[in-house]
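Step one of this worksheet: look at the structure below.
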Amino acid sequence: MTAEYKVHASVAVITLNNPPVNGLGLSTRRAIIEGLNQANADAAVQAIVITGAGKAFSGGADIKEFGKEAALQEPNLHTVIAQVEQSAKPVVAAIHSVCMGGGLELALGCHYRIAAPGTTVALPEVKLGLLPGAGGTQRLPRAIGVEPALNMIVSGESIKSEMLAQIPGQKLFDKLSASPESLAQEALTLAQQVGERHAAGNEALPLVRDLKCKHPKGDAYFGFVRNMVKAMSKNYPAPLKCVDAVEAATKRKIADGLAYERELFVNLMWTPESRALRHLFMAERATTKIADIPADTPTREIKKVGVIGAGTMGGGISMNFLNAGIPVTILETKQEALDRGIGIIQKNYEAQVKKGKLKEDKYAQRMALLSTTLSYEDLKDCDLIIEAVFEELGVKETVFKQLDAVAKPGAILASNTSTLDVDKIAAFTQRPQDVVGMHFFSPANVMKLLEVVRGKATGKDVMATVMQIAKKIKKTAVVSGVCDGFIGNRMIEQYSRQAGFLLDEGATPAQVDKAAEKFGFAMGPFRMGDLAGNDIGWAIRKRRAVEKPGMKYSASADRLCELGRFGQKTGKGWYDYQAGKRDAIPSQEVLDMIDAHRKAIGITPRQISDEEIVQRLVYSLVNEGAHILEDGIASKSGDIDMVYLTGYGFPIYRGGPMHYASEQGLINVVQAMNRFAQNPNDDAAFWKPAPLLARLAAEGKSFA
Ligand code: NAI
């Protein structure tokens with residue numbers, strides 16, 4: 001049963017019990033209706049309390065029902081709330097811990113509300129590209145006033161019950177309980193009192209829907225808010241619709257307002273932006289689920305972390321653990337390297353302190369957790385050791401052999417390598433089951449993405465532990481198999497190749513970047529190259545020429561590097577940069593170089609549309625992504641999307657490359673690829689659709 005029913009003297013208590021957060025799924029909704037009916041039919045009962053078991057009053061909709069028929073099946077949430085409002089006996093909501101979305105809407109239908117202090121209250125639907133669809137936009141403004149309600153609804157942010165209780169004239173909470181522990185008893189007492197009162201007299205039951213809802217400045221206020229929200233919400237339609245719905249609460253009768261809210265809600269459900277956000281919500285939760293590793297797999301305890309190498313990555317990686325309160329020891333080969341690395345960590349923290357994002361004492365606490373060493377002996381009690389030394393197999397071999405000699409049994413040995421074979425690295429040790437890839441992204445203290453590279457021998461408990469620790473350091477961890485570039489970089493290589501071919505054929509770096517940025521990428525491929533350093537790709541191409549001779553590339557990127565134009569770090573790359581600034585200024589030298597290169601390879605430049613640019617860039621990701629799925633490097637398309645959304649600046653409102661391709665219709669994607677394959681200046685072999693993609697397209701299916 002997803003709700004329990006119990007009678008205490010004259011009060012019936014309906015306790016929602018649908019772990020983890022009492023989601024309002026079909027069976028919970030049915031149980032509420034049954035409870036209401038039973039209580040109203042029982043002559044001994046005078047009032048009803050609705051509360052939640054465990055960690056929440058209710059977190060709202062049941063995510064298992066997301067976008068499914070069951071969410072609409074009767075009794076749907078509207079029906080439940082209407083029944084609560086119509087109950088002849090007073091209904092008291094006893095709210096604690098978490099009261100969000102549909103949970104708050106249910107509470108707003110009750111006649112009385114008592115809340116525990118510290119309760120997190122929110123209408124977060126806008127974060128999924130929606131608006132509260134069960135009366136929240138109509139009842140919340142009536143309960144707490146137009147402005148506070150609109151702020152909550154448009155932002156989706158949560159607010160504590162005690163803050164809400166301080167809003168002058170608010171009718172959301174009749175009472176705050178003295179403490180979370182006393183809530184149940186105080187709710188019973190309140191219910192008993194109102195039960196007796198209503199049983200005795202003819203006093204009507206108070207309803208939020210009957211409250212007045214006006215803003216003193218009326219249209220002027222909504223005009224102002226609309227402008228502000230429009231400017232902030234750019235590619236997302238939902239926030240403006242939230243404004244429309246709340247405005248309706250001030251102008252329409254409640255029944256009309258509810259119908260209008262419903263209409264807006266249903267329209268938003270069908271927007272690509274909401275579909276993308278809902279996909280992201282589900283994909284994010286699914287990344288940690290690994291098919292052959294049960295959720296109850298025992299994990300290893302990580303109390304102390306070692307980091308090898310205090311360079312760009314080692315420093316950022318260390319900060320993640322320090323921020324989470326986990327002691328870190330960094331090892332280097334020379335004291336100077338240690339000093340430089342620690343200096344950078346300090347500078348990063350000091351910048352945060354200056355901006356007011358970090359308190360002085362917190363900074364001191366974090367630095368106190370950090371120690372340094374030149375000796376492997378000092379790592380012998382570390383539970384997790386992450387290597388971030390130069391990207392050379394020989395150097396990794398030396399490091400892992402030394403680690404194998406000193407690390408305690410059961411310590412996890414991780415490599416931050418971005419291209420090397422984790423299985424080879426594991427083979428340098430006598431304990432390959434303890435070796436795993438932890439591929440952080442730069443800057444490692446900022447970027448959310450962590451690719452967890454599962455080697456052939458990596459233990460299941462090691463995987464479970466790393467996924468758990470990733471959560472602790474607030475990363476989005478995505479599992480990747482072993483291959484060159486793992487998920488993200490293997491795909492970006494194809495994207496970069498396309499960017500190069502586009503230059504060869506007539507586009508400029510600025511045109512390509514603009515088209516990509518208009519599509520929504522945080523940065524176009526050439527600005528990204530300048531930021532990351534063009535020499536990295538140069539080195540990879542040189543290696544490729546040996547490993548995979550015959551792979552076609554535009555040589556313009558090589559010509560660029562031959563000019564010493566490595567990017568922002570050398571003050572010039574695809575663009576020119578002024579000292580201390582990051583603005584990309586088109587460079588005549590680069591345009592001349594591209595021109596000369598075109599002549600050398602005999603291409604007459606042509607006009608290329610932005611649409612073609614975007615399709616070639618994005619579909620190259622999609623085709624390689626499909627190969628990655630087929631090869632078992634990624635286990636689900638949502639994982640690939642998460643990699644691109646959290647690590648590569650793919651526009652959130654498009655849901656990631658694989659989701660985007662599905663939205664376009666895979667058959668259309670395949671047809672475009674077939675067209676690109678006809679282009680003699682492109683790579684026809686690459687554009688042969690991956691078998692998985694071809695099959696799904698032929699069957700009219702999507703990646704999901
Ligand atoms: P880096 O050159 O900034 O730092 C490497 C550090 O390792 C240097 O401080 C060096 O003194 C130290 N080191 C070298 N050999 C050592 C040894 N035997 N023992 C101890 N310390 C040693 O390099 P970066 O960029 O931090 O890269 C490190 C690793 O992270 C590489 O495997 C790289 O592929 C990977 N990576 C780099 C990313 C980036 O954007 N820079 C992104 C993701 C991974």
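Each ligand, and each atom within it, is numbered from 1 in the order the structure gives.
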Checklist entry - Are Asp558 and Tyr553 close enough, and set up right, to give a side-chain hydrogen bond (donor to acceptor under 3.5 Å, both in side chains), and what steps lead you there? => result CA-CA 10 Å; Asp558 296 345; Tyr553 286 99; over 6 Å; no
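- Scanning Phe441, Phe440, Tyr376 for the heavy atom closest to atom 43 (C) of ligand 1 points to Phe440.
- Atom 18 (N) of ligand 1 has as its closest protein heavy atom Val399 CG2, 3.7 Å.
- Between Lys448 and Glu284, none of the side-chain N atoms (NZ, or NE/NH1/NH2) sits under 4.0 Å from a carboxylate O, so this pair counts as no salt bridge.
- Put simply, the side chain of Gln494 never gets that close to the backbone of Ser620: no donor and acceptor are under 3.5 Å apart.
- For the residues Met313, Lys396, Glu392, Glu332, the heavy atom positioned nearest atom 26 (O) of ligand 1 is part of Met313.
- Listed by number with element, the atoms of ligand 1 under 4.0 angstrom from any heavy atom of Val395 are 15 (N), 18 (N).
- Closest heavy-atom approach to atom 29 (C) of ligand 1 within the set Leu374, Ile344, Val389: this belongs to Val389.
- Shortest contact from atom 25 (O) of ligand 1 to any protein heavy atom: Thr312 CB, 3.7 Å.
- For a threshold of 3.5 Å applied to N or O pairs, the pair formed by Ser418 and ligand 1 contains at least one separation below that value.
- Regarding atom 4 (O) of ligand 1, its nearest protein heavy-atom neighbour is Gly311 CA, 3.3 Å.
- Taking a cutoff of 4.0 Å between a charged side-chain nitrogen and a carboxylate oxygen, Lys408 and Asp381 do not qualify as a salt bridge.
- Between Thr417, Asn489, Thr419, Asn416, it is Asn416 that holds the heavy atom closest to atom 30 (O) of ligand 1.
- Shown here, atom 23 (O) of ligand 1 is out of close reach of the protein: none of its heavy atoms lies under 4.0 Å off.
- Scanning the protein heavy atoms around atom 20 (C) of ligand 1, the nearest turns out to be Ile308 CG2, 3.6 Å.
- Close approach of ligand 1 to Arg340 (heavy-atom distance below 4.0 Å) involves ligand atoms 9 (O).
- Ligand-side atoms of ligand 1 in range of His439: 43 (C), 44 (C), range being under 4.0 angstrom from any heavy atom.
- Counting only heavy atoms of the protein, atom 40 (O) of ligand 1 lies nearest to Ser442 CB, 3.2 Å.
- Here Lys396 does not pair with Asp421 in a salt bridge; the nearest charged N to carboxylate O distance is not below 4.0 Å.
- The pair Asp504-Lys552 fails the salt-bridge criterion, with no side-chain N (NZ, NE, NH1 or NH2) lying under 4.0 Å from an Asp/Glu carboxylate O.
- Using a distance-only test at 3.5 Å, with no hydrogens or angles considered, a donor-acceptor pair links the side chain of Glu630 to the main chain of Leu692.
- Here the side chain of Glu451 pairs a donor or acceptor atom with the backbone of Gly488 at under 3.5 angstrom.
- Annotation: cation-pi geometry satisfied between Arg285 and Phe281 (NZ/CZ under 6.0 angstrom from ring centroid, within 45° of ring axis).
- Judged purely by atom type and a 3.5 angstrom limit, Asn320 has no side-chain atom pairing as donor or acceptor with the backbone of Ile473.
- The protein atom (non-hydrogen) at minimum distance from atom 19 (N) of ligand 1 is Thr333 CG2, 3.5 Å.
- Distance from atom 2 (O) of ligand 1 to its nearest protein heavy atom, with residue and atom name: Phe390 CE2, 3.4 Å.
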Next on the checklist: For Tyr648 and Phe441: C-alpha separation, side-chain torsions, deciding distance, then whether ring pair (Phe, Tyr, Trp, His ring centres under 6.0 Å) applies.
Outcome noted: CA-CA 9 Å; Tyr648 292 83; Phe441 286 70; 5.6 Å; yes
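- In this structure, the protein non-hydrogen atom closest to atom 32 (O) of ligand 1 is Glu391 OE1, 2.5 Å.
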